[in-house]
Amino acid sequence: MEQDNLRTLRHTASHVMAQAVKRIYPDVRLAIGPAIDTGFYYDFDTATPLTQEDLPKIEAEMKKIIKENLQIKRYELPREEALAFMEKRGEPYKLELIRDLPEGEPISFYEQGEFTDLCAGPHMRYTSAVKAFKLLSVTGAYWRGNEKNKMLQRIYGTAFKTREELDAYLAELEEAKKRDHNKLGRELEYFTTVDVIGQGLPILMPKGARVIQILQRFVEDEEQRRGYLLTKTPYMAKRDLYKISGHWDHYREGMFIMGDPDAEGEVFALRPMTCPFQFQYYLARTRSYRDLPMRLNETSTLFRNEASGEMHGLIRVRQFTISEGHIACTPEQLEDEFRGCLDLAKFMLKAVGLDDSVSYRFSKWDENNKEKYIGSAEQWEAVQDRMRAILDDLKIDYTEASGEAAFYGPKLDIQIRNVYGKEDTLITIQIDFQLAKRFEMVYTDVNGEKKYPYVIHRTSIGCYERTLALLIEKYAGAMPMWLAPEQVRVLPITERNREYGAEVLNKLRAAGLRAEIDSRNEKIGYKIREAQIQKLPYMLLVGDKEAEAGMVSVRSRSGGDLGPKALDEFIAQAVAEAAAPKA
RNA sequence: GCUGGUGUGGCUCAGUCGGUAGAGCAGCUGAUUCGUAAUCAGCAGGUCGACGGUUCGAAUCCGCCCACCAGCUCCA
């Protein structure tokens, strides 16, 4: 109920904003303006684009409207009158909306002063109800979310019941932005990008590369324990392969193609997915039901020619490496194998500490967009029902989403939000009922009959770049000990202590700890500050008295000064702490 | 791809009306040997994102690319 009130308030705020915009720019055309989870927006068609500089003006006008305390009145009109009204007002988008309303649906309007909007409501009763609001940004957005339509101007804002709540939210936003991996990850030198290499092609610097290496080893070892067979397959193939898989017809604009597809001769393409490559192992000889389930994994680098506006830090890139895998199994094995994939994914999420940050999405096909998918409606419905049954049986709390499936089958997507609240898929488990047939992957069942196996496409920890990005945001750069690219830094107090510092460093490294030394001629407080900025788990101060006694003075990023400790004792404790999580 | 914004040494920024670049921090060298951030002195580092154009003269004006940021669309 509380939530509903807030949405109503925000919806009213969006109308107040639209009224303000109309007053300042009478020629704008109104599109839609709903409340959203974080506030509200309104889409306008304007002759010239709005910019950030327009916002204060609009805010000022909104304040006036709120002060005027206009009454908000709801009324309904019959279809013809509604159309005539919007016709007279010159609102083409509203006309389109009215025309699309189903017959018999009430057509309601909300009026506040000179401003009237087609709207289902509900709304507050007076404009003065909007007490604490803020306009945040102005961006483009396609009419009805379709890129073929005109791009409108969208203003985002937020509103709360009190000033305090608004200020708290804005402060929270600012705090969240400080954890942005795209800023922090560059500052802390996890990665960088460079113009001459190109968009969506990040350079993983030593720290980023190290974290990914740790994760990769962890994943591969765990998958080995769970009966996976590791493959290493080529990064490119002739187009013929992608014709069989369907990628050539359904994913071509997403591929990097080498050679002219219209000319004679061979054309190659970098792989956007691993499936058709990994299937070749299955196809290498005849298979029987005794070979199943066959679990294949690969640390697989993929290339996708994303549209230029899509790239974002390490979250959306053109080359990435994924903990890929495919399971071929019989229909009877499907549920157990699916359960196994989910268990592995959950284990991974828990290990890196992201398990409480995710949500589950059952991604289905879109029956109104059949070109995007292969297979018949009956097949899709059947496999989706099967998947839903499995999800329900596993008691997964999921939401359903149409049009989010892969072109060959439905998915369970494990979703995560970045610091801006934008949702991305971290992990996906897909049931594929079609590619086996396309590749003529068969097995001989107990009765000697040839059958097509189900194929599960799955990832255990997602793609490493994206996972790294979300870990940076989750921990604000302060990686847990087992993932920290630099676990310990040795800080000699004076030049005199460098030799002992080097000795300490060697012992740390010999014990398998990732350690560095700061031997600059700077004051000790300064070196500590540096290490703190980099969020290092441990700092070891070594001075004259530590050198004499074989000790180190330990500081942790969290607990502050831990006092002097025998070096061997520290090492034993740190090594234990640095161990990877166990199943 | 679309809408808007941004692009000056590693980082943060200054650069007024066009007169061919400055600061702090970081770096390096020397001195200092210091116990919880910033001692002293010096040095080095930039074809002002790229390429065209206007101009006697462009970091400043125009065009076109490229990259980065937010959003839309698309997606792991």
Side-chain angles (χ1 to χ4, degrees), chain A residues 41 43 46 48-54 136-156 177 180 182-183 186-187 189 192-201 251 253-254 272-274 300 302 304-318 320-324 363 372 403-404 406 411 413-416 420-428 430 457 459 461-467 469 491-498 520-533 539 541-546 553 555 560-561 564:
Chain A
Y41 67 79
D43 287 348
T46 64
T48 53
L50 298 167
T51 68
Q52 193 75 25
E53 282 78 64
D54 296 312
L136 298 172
S137 59
V138 40
T139 68
Y142 296 107
W143 166 238
R144 301 201 134 180
N146 186 336
E147 64 178 330
K148 292 190 179 79
N149 291 341
K150 183 164 186 188
M151 179 156 277
L152 309 173
Q153 301 292 306
R154 173 174 297 177
I155 300 177
Y156 281 100
K177 282 180 191 167
D180 182 356
N182 208 6
K183 183 143 194 349
R186 290 171 196 269
E187 276 168 15
E189 300 193 329
T192 188
T193 50
V194 49
D195 289 11
V196 287
I197 288 182
Q199 225 188 350
L201 298 168
Y251 204 80
E253 66 296 341
M273 289 164 190
T274 322
S300 178
L302 304 178
R304 296 186 185 178
N305 193 3
E306 302 286 355
S308 64
E310 307 303 345
M311 263 62 77
H312 171 64
L314 291 177
I315 286 186
R316 275 297 278 285
V317 291
R318 283 183 165 150
F320 57 93
T321 299
I322 188 166
S323 55
E324 181 80 281
S363 298
K372 207 179 150 188
E404 297 287 349
K411 313 191 282 179
D413 290 322
I414 303 180
Q415 303 290 105
I416 190 158
Y420 293 98
K422 189 165 177 166
E423 194 177 276
D424 273 300
T425 301
L426 188 61
I427 293 176
T428 178
Q430 312 168 354
H457 304 238
T459 164
I461 205 171
C463 81
Y464 291 99
E465 290 84 354
R466 182 173 287 186
T467 302
L491 309 177
I493 305 279
T494 75
E495 193 81 0
R496 209 165 47 241
N497 309 118
R498 276 175 69 165
R520 293 174 305 168
N521 286 345
E522 296 288 351
K523 293 196 168 179
I524 186 63
Y526 193 83
K527 294 180 185 175
I528 290 171
R529 174 77 179 163
E530 280 284 312
Q532 280 171 340
I533 288 170
M539 290 151 260
L541 278 60
V542 295
D544 291 337
K545 59 182 194 210
E546 285 85 357
S553 287
R555 272 185 77 91
D561 197 341

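Keep in mind it's a predicted model, so treat the numbers as computed, not measured. Here is the naming used below: chain letters follow the sequence lines, and residue numbers restart at 1 for every chain. Values reported hereafter were calculated over all heavy atoms of this structure, with side chains retained and with hydrogens, waters and symmetry mates removed.
- Residue Gly145(A) is in sugar-phosphate contact alone, with no base atom involved, counting any heavy-atom pair closer than 4.0 Å across all strands shown.
- Residue ring and nucleobase are stacked for Phe320(A) and A76(B), with a centre distance beneath 5.5 angstrom and an angle between planes beneath 30°.
- Contact annotation: Lys372(A) side-chain N/O to C75(B) OP1/OP2 distance is under 4.0 Å.
- For Tyr251(A) and C74(B), the OH to P distance is 13 Å, given to the nearest whole Å.
- One can place CE of Met311(A) at 11 Å from C1' of C75(B), the figure rounded to the nearest angstrom.
- When heavy atoms are screened at a 4.0 angstrom cut-off, Asp561(A) is found touching base atoms of the nucleic acid.
- Residue-level contact check: Arg498(A) touches neither bases nor backbone, having no heavy atom under 4.0 Å from any strand.
- As judged by a 4.0 angstrom heavy-atom cut-off over every strand, Ser553(A) is placed among the base-contacting residues.
- Within the nucleic acid shown, Ile524(A) comes within 4.0 Å of sugar-phosphate atoms alone, with no base atom in reach, counting heavy atoms only.
- The base of U36(B) is paired with the side chain of Arg555(A) by a donor and an acceptor separated by under 3.5 Å.
- Residues Lys411(A) and Thr51(A) each lie close to RNA chain B; by heavy-atom proximity, the contact nearer the 5' end of the strand is made by Thr51(A).
- Judged by distance alone with a 3.5 Å cut-off, no donor-acceptor contact links the side chain of Glu522(A) to the base of A26(B).
- If you check every strand for non-hydrogen atoms under 4.0 Å, Arg496(A) touches sugar and phosphate atoms only.
- The distance between atom CD of Glu253(A) and atom P of G1(B), rounded to the nearest whole Å, is 14 Å.
- Counting non-hydrogen atoms under 4.0 angstrom, Glu546(A) reaches a base of the nucleic acid.
- Checking the phosphate oxygens (OP1, OP2) of C72(B), a side-chain nitrogen or oxygen of Tyr156(A) falls inside 4.0 Å.
- Base engagement by Ile315(A) is indicated by at least one non-hydrogen atom pair under 4.0 Å involving a base atom.
- Side-chain atoms of Thr425(A) do not come within 3.5 Å of backbone N or O of Gln415(A) as any donor-acceptor pair.
- Here Tyr526(A) reaches the OP1 or OP2 of A26(B): one of its side-chain N or O atoms lies under 4.0 Å away.
- Atom CD1 in Ile493(A) sits roughly 11 Å away from atom C1' in U33(B) (whole-Å rounding).
- Among the atoms of the strands shown, none is found under 4.0 Å from any heavy atom of Asn149(A).
- Spacing of P atoms, U60(B) relative to G1(B), comes out at 25 Å, to the nearest Å.
- Regarding Gln430(A), its CD atom lies at a distance of 7 Å from the P atom of A76(B), rounded to whole Å.
- Judged by distance alone with a 3.5 Å cut-off, a donor-acceptor contact links the side chain of Glu310(A) to the base of U73(B).
- Straight-line distance between the C1' atoms of C64(B) and C11(B): roughly 31 Å, to the nearest whole Å.
- Taking the nucleotide of RNA chain B with the nearest heavy atom to each of Gly313(A) and Met151(A), the more 5' of the two is matched to Met151(A).
- No contact: Lys527(A) has no heavy atom under 4.0 Å from any strand.
- The separation of U36(B) from A41(B), taken at their P atoms, amounts to 23 Å, rounded to a whole angstrom.
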Nucleotide N/O to protein N/O under 3.5 Å, stretch nucleotides 63-67 of chain B:
residue, atom, partner, partner atom, Å
A67(B), O2', Asp195(A), OD1, 2.8

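- At a cut-off of 3.5 angstrom, counting only N and O atoms as typed in the model, there is no donor on one side facing an acceptor on the other between the side-chain of Arg154(A) and the base of C72(B).
- Comparing C43(B) with U16(B), their P atoms are spaced 28 Å from each other, to the whole Å.
- Put simply, His312(A) has a side-chain N or O that comes within less than 4.0 Å of OP1 or OP2 on A70(B).
- The side chain of Val317(A) lies closest to A76(B), out of A70(B), A76(B), C2(B).
- Atom CZ in Arg316(A) sits 9.0 Å away from atom CZ in Arg304(A) (nearest 0.5 Å).
- Of the side-chain N and O atoms in Arg144(A), none sit less than 4.0 angstrom from OP1 or OP2 of C72(B).
- With hydrogens and angles ignored, no donor-acceptor pair closer than 3.5 Å exists between the side chain of Tyr41(A) and the base of G71(B).
- Within 3.5 Å, no donor on the side chain of Glu53(A) pairs with an acceptor on the base of G5(B), nor the reverse.
- Put simply, CG on Leu314(A) is 14 Å from C1' on C68(B), counting in whole angstrom units.
- Counting any heavy atom pair closer than 4.0 Å across all strands shown, Gly309(A) reaches a base atom.
- Donor-acceptor pairing under 3.5 Å, judged by distance alone, is present between the side chain of Asn521(A) and the base of U32(B).
- Side chains of Glu324(A) and Thr274(A): a donor-acceptor N/O pair is present below 3.5 angstrom, by distance only.
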